[in-house]
Amino acid sequence: MARVRYGARTEAEIAASREKSSKLPDIWSTGVVAVWESDPDVVAAVLPPPLKPADRPLVRANISKVDLPGYPLGAGSVAVAARHDGVEGWYPLVMPMTHERALTGGREVFGEPKKLGEVTVERDGLVVHASLARHGIAFVEVRGAVDRALPLPEPTRKTDFYFKFLPAVDGSGFDTDPVLVHCTRNEKVRRLEHITGDVVLRESMFDPVADLPVRRIVEITIGEKTTDQKGRVVERVSAQALLPYIHQRYDDPMQILDAPPEGSSGGRG
């Protein structure tokens, strides 16, 4: 009988896949990072408990092209500075990716708020343009010109905070208590330049980052970096406390808050 591709994989095949993924070479990306100060009350308002605001109301936009052989990837995020249990980090609100493959592991394993979108990073001489777009709206755009090289930072460790959860089958909340994930990334940089420019936020009902106004640009850079990623569950969190924030994850929150009609094959798609 021919191989049934939906059939069970052997233990050897599973082990081989794990070994292959553990030996991936460094993958370098070229990306624009813009950091700005926003309104403290707004930054605090988007943080689900138990996350707390950092000392400064910072917002960070990452917009990158990733050099995957035969599989170029655009990847981005918009995050706010936060802290949890003495750990300083970032809480991403949206993470546009250009391919579905980049969504799966991030959403299902780590709880990352990834969505399919358009990611643009362009450079013409010293002029740089980068943007994140979904549903035809470039809701974040960074424009400017490189004005100087920057010293390379030492390898550093950064932390992102994610909430991992499963919407309940009956639409009443969650199947189990959500968990808070600390995702740590060891980052190495091989090129870094400073950009003088601006950040434009456009209104989008699906990605309302325009609610995080640019009060003062802290820094805009373009660089080449590579990172690894490891996550760990640090605590279970209150389902009741997180429920008011889960619309951050979905374009149509009613998709998970509404129970599917009896006898139907699913929800709203």
Side-chain angles (χ1 to χ4, degrees), residues 21-22 24 26-38 40 42-64 66 73 75-97 102-115 119 132 140 150 152-165 177-190 192 209 212 218-221 223-238 241-242 245-246 248-249:
S21 64
S22 67
L24 290 175
D26 287 344
I27 298 173
W28 293 88
S29 65
T30 299
V32 172
V33 179
V35 179
W36 65 91
E37 284 190 352
S38 192
V42 173
V43 171
V46 303
L47 293 172
L51 298 183
K52 302 293 185 183
D55 290 336
R56 297 174 68 188
L58 298 181
V59 184
R60 181 191 69 189
N62 282 327
I63 309 172
S64 298
V66 186
L73 171 68
S77 71
V78 178
V80 298
R83 63 159 57 102
H84 172 253
D85 198 22
V87 177
E88 302 286 336
W90 297 88
Y91 175 61
L93 295 167
V94 61
M95 301 177 69
M97 301 284 141
L103 303 183
T104 307
R107 288 180 68 100
E108 297 184 10
V109 177
F110 294 98
E112 294 173 326
K114 289 184 173 180
K115 299 178 179 180
V119 180
L132 301 175
V140 177
L150 294 173
L152 297 183
E154 293 294 321
T156 185
R157 174 172 291 185
K158 298 180 178 180
T159 301
D160 280 351
F161 305 118
Y162 305 124
F163 291 93
K164 182 178 179 180
F165 55 81
D177 285 339
V179 295
L180 175 60
V181 175
H182 284 197
C183 183
T184 56
R185 293 180 173 86
N186 295 302
E187 181 178 285
K188 295 185 293 184
V189 179
R190 67 182 182 187
L192 190 64
V209 299
L212 300 163
V218 176
E219 187 177 52
I220 305 175
T221 61
E224 297 177 6
K225 65 182 180 181
T226 184
T227 61
D228 60 22
Q229 176 172 307
K230 292 183 178 179
R232 65 185 181 94
V233 173
V234 294
E235 67 174 86
R236 292 197 173 273
V237 300
S238 164
L242 183 60
Y245 296 88
I246 62 171
Q248 295 175 348
R249 189 72 55 90

Trainee: Evaluate the side-chain proximity of L180 to V233: yes if any heavy-atom separation is below 4.5 Å, no if none is.
Mentor: no

Trainee: Taking all atoms of both residues into account, what is the closest heavy-atom pair of V66 and A75, and its distance?
Mentor: CG2-CB, 4.3 Å

Trainee: Kindly give the heavy-atom pair with the smallest separation between A102 and L73, and that separation in Å.
Mentor: CB-CD1, 3.9 Å

Trainee: Test of understanding: with side chain to side chain contact (heavy atoms under 4.5 Å, CB included), list the residues that count as partners of V46, not counting sequence neighbours.
Mentor: V80, L93, Q248

Trainee: Return the set of residues passing side-chain hydrogen bond (donor to acceptor under 3.5 Å, both in side chains) with R236 (not counting sequence neighbours), or none when no residue passes.
Mentor: none

Trainee: Nearest 0.5 Å, please: how far is OG1 in T184 from CG in D228?
Mentor: 7.5 Å

Trainee: Can you find a heavy atom in the side chain of V32 that is under 4.5 Å from one in the side chain of I220?
Mentor: yes

Trainee: Apply side-chain hydrogen bond (donor to acceptor under 3.5 Å, both in side chains) to D160 and list each qualifying residue two or more places apart in sequence or on a separate chain.
Mentor: Y162, R185

Trainee: If the condition is salt bridge (Lys or Arg N to Asp or Glu O under 4.0 Å), which residues does E187 pass it with, not counting sequence neighbours?
Mentor: K158, K225

Trainee: Without placing hydrogens or testing angles, list every side-chain donor-acceptor pair under 3.5 Å for residues 47-58, not counting sequence neighbours.
Mentor:
{"from": "D55", "atom 1": "OD1", "to": "R83", "atom 2": "NH2", "distance (Å)": "3.0"}
{"from": "R56", "atom 1": "NE", "to": "E37", "atom 2": "OE2", "distance (Å)": "3.2"}
{"from": "R56", "atom 1": "NH2", "to": "E37", "atom 2": "OE2", "distance (Å)": "2.7"}

Trainee: With the side chain counted from C-beta on, respond yes when T227 and N186 share a heavy-atom pair under 4.5 Å apart, and no when they do not.
Mentor: no

Trainee: Taking the side chain as every heavy atom from C-beta outward, state whether V94 and K115 have any atom pair closer than 4.5 Å.
Mentor: yes

Trainee: To the nearest 0.5 Å, what is the distance between CD on E88 and CZ on F161?
Mentor: 7.5 Å

Trainee: Just to verify, what does H182 make a side-chain hydrogen bond (donor to acceptor under 3.5 Å, both in side chains) with, not counting sequence neighbours?
Mentor: H84

Trainee: What residues, two or more places apart in sequence or in another chain, satisfy side-chain hydrogen bond (donor to acceptor under 3.5 Å, both in side chains) together with E224?
Mentor: R190

Trainee: Please test C183 against K230 for side chain to side chain contact (heavy atoms under 4.5 Å, CB included), starting from the C-alpha separation and ending with a verdict.
Mentor: CA-CA 6 Å; C183 183; K230 292 183 178 179; over 6 Å; no

Trainee: Distance check, rounded to the nearest 0.5 Å: F163 atom CZ versus Y91 atom OH?
Mentor: 5.5 Å

Trainee: Any idea which heavy atoms bring P113 and R107 closest together, and the distance?
Mentor: C-NH1, 4.3 Å

Trainee: Check whether any side-chain heavy atom of W36 sits under 4.5 Å from a side-chain heavy atom of E219, and report yes or no.
Mentor: no

Trainee: Could you pull out all residues at least two apart from K164 that satisfy side chain to side chain contact (heavy atoms under 4.5 Å, CB included)?
Mentor: V179, V181

Trainee: If you take all heavy atoms of V59 and S38, which pair is closest and at what distance?
Mentor: CG2-CB, 3.8 Å

Trainee: Tell me every residue that passes side chain to side chain contact (heavy atoms under 4.5 Å, CB included) with L192, counting only those two or more places apart in sequence or in another chain.
Mentor: L150, L152, P153, V189, T221

Trainee: If you define the side chain from C-beta out and look only at heavy atoms, does anything of R60 sit under 4.5 Å from N62?
Mentor: yes

Trainee: OG of S77 to CD1 of I63: how many Å apart, nearest 0.5 Å?
Mentor: 9.0 Å

Trainee: Which residues satisfy the side chain to side chain contact (heavy atoms under 4.5 Å, CB included) test with D85, sequence neighbours excluded?
Mentor: none

Trainee: With a 4.5 Å heavy-atom cut-off, do P155 and K188 have their side chains touching?
Mentor: yes

